[in-house]
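A short write-up of the structure that comes next.
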Amino acid sequence: MALDDKTLTQLAEHLHACQRKAQDTTKITDAHPDMSWDDAYAIQDRILAAKLSGGARIAGYKAGLTSHAKMKQMGVTDPVFGFLVDEFAVPDGGEIKITELIHPKVEPEIGFVTRSELRGPGCSIASVLAASDIVLPGIEVIDSRYRDFKFDLKSVVADNTSASRFIVGGHAVDARSVDLRTTGIVLEKNGEVVALGAGAAVLGHPAAAVAMLVNHLGRRGKSLPAGTLVLSGGITEAVAVKAGDNVTLRVQGMGSVSVRFV
Ligand code: 0L1
Ligand code: MG
């Protein structure tokens, strides 16, 4: 660790406050250029601890920056991982108040729900599929707390990988009954197609992102419990939204999931 305990706590409190108040900030590595990866995840852990002590429950995990389109958009080469809590969940067809967010963007994703515990290292696509119950369409709403999305990867990790809202819905299917590499998706905004792709855009197979998450947790002495939702990462680049926008994600063989920004 490059940062001391007090600094980690102060940075977590700052980023958590920015998320709750929908206020932006400069990236935290500007003031702490030596911040390490362990520091970044320690800050994220402190934000989670604050949410749990405030009554929130873990709703799942997310992998981010998992597609080449998104990596190119962000100028990075590695995925990142974050947590989802119940306060981020929005029902299928529900509304999100734009005033509660800073500069939201939506990402089309495949959600996995596990039926048995997954533990790394050594987790593979095959182990994820064997341990998965269902897969279903998911829209992730990201809302970086960093001004104008100007950040580096460590700052993004500390900021819980920009997690802010998520919506899952449509028709869940058996994870082993579909070829997720060739599963097509169409993202619509106000009835217009704004992005399209296939599951293979996520690291060759969306389950690869889940396996990387499990191996990441394993390195930190943690596992992915049975019954956990994992958003496996944007299949396309993220699309900006504003008040009045209706967003629908259609996933081949799994129906659609929608959300409205008001
Ligand atoms: O879910 C993600 O792909 C994480 C994105 C983090 C960077 C951003 O805010 O765009
Ligand atoms: Mg995402």
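Keep in mind that this is a model prediction, so the values were computed, not measured. Every number for a ligand or one of its atoms is a count from 1 in the order of the listing.
- Thr114 contributes no side-chain N or O that, together with a main-chain N or O of Ser132, makes up a donor-acceptor pair within less than 3.5 Å.
- When heavy-atom distances to ligand 1 are checked against 4.0 Å, the residues falling inside are Lys62, Gly64, Leu65, Lys70, Met74, Glu107, Glu140, Ile142, Ser144, Phe149, Phe151, Val156, Thr161, Ser162, ordered by chain and number.
- Of the possible polar contacts, none joining the Thr29 side chain to the His32 backbone as a donor-acceptor pair under 3.5 Å is found.
- Using a 30° and 60° split on the angle between ring planes, Phe151 and Tyr146 fall in the perpendicular class, above 60°.
- The pair Glu95-Lys97 does not meet the salt-bridge criterion, since no charged nitrogen lies less than 4.0 angstrom from a carboxylate oxygen.
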Inset, instruction - In sequence, state the C-alpha distance, the side-chain angles, and the governing distance for Glu107 and Lys105, and then conclude on salt bridge (charged side-chain N to carboxylate O under 4.0 Å, His left out). - result: CA-CA 7 Å; Glu107 296 186 325; Lys105 295 181 182 179; over 6 Å; no

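- Panel note: side chain Asn160, backbone Phe83; a donor-acceptor pair is recorded below 3.5 Å.
- Looking at Glu109 and the Mg ion (ligand 2) together, the shortest N, O or S contact belongs to OE2.
- Rounded to 10°, the angle formed at the Mg ion (ligand 2) by OE1 of Glu140 and OE1 of Glu107 is 110°.
- Between the side chains of Arg145 and Thr25, no donor-acceptor pair is found at a separation under 3.5 Å.
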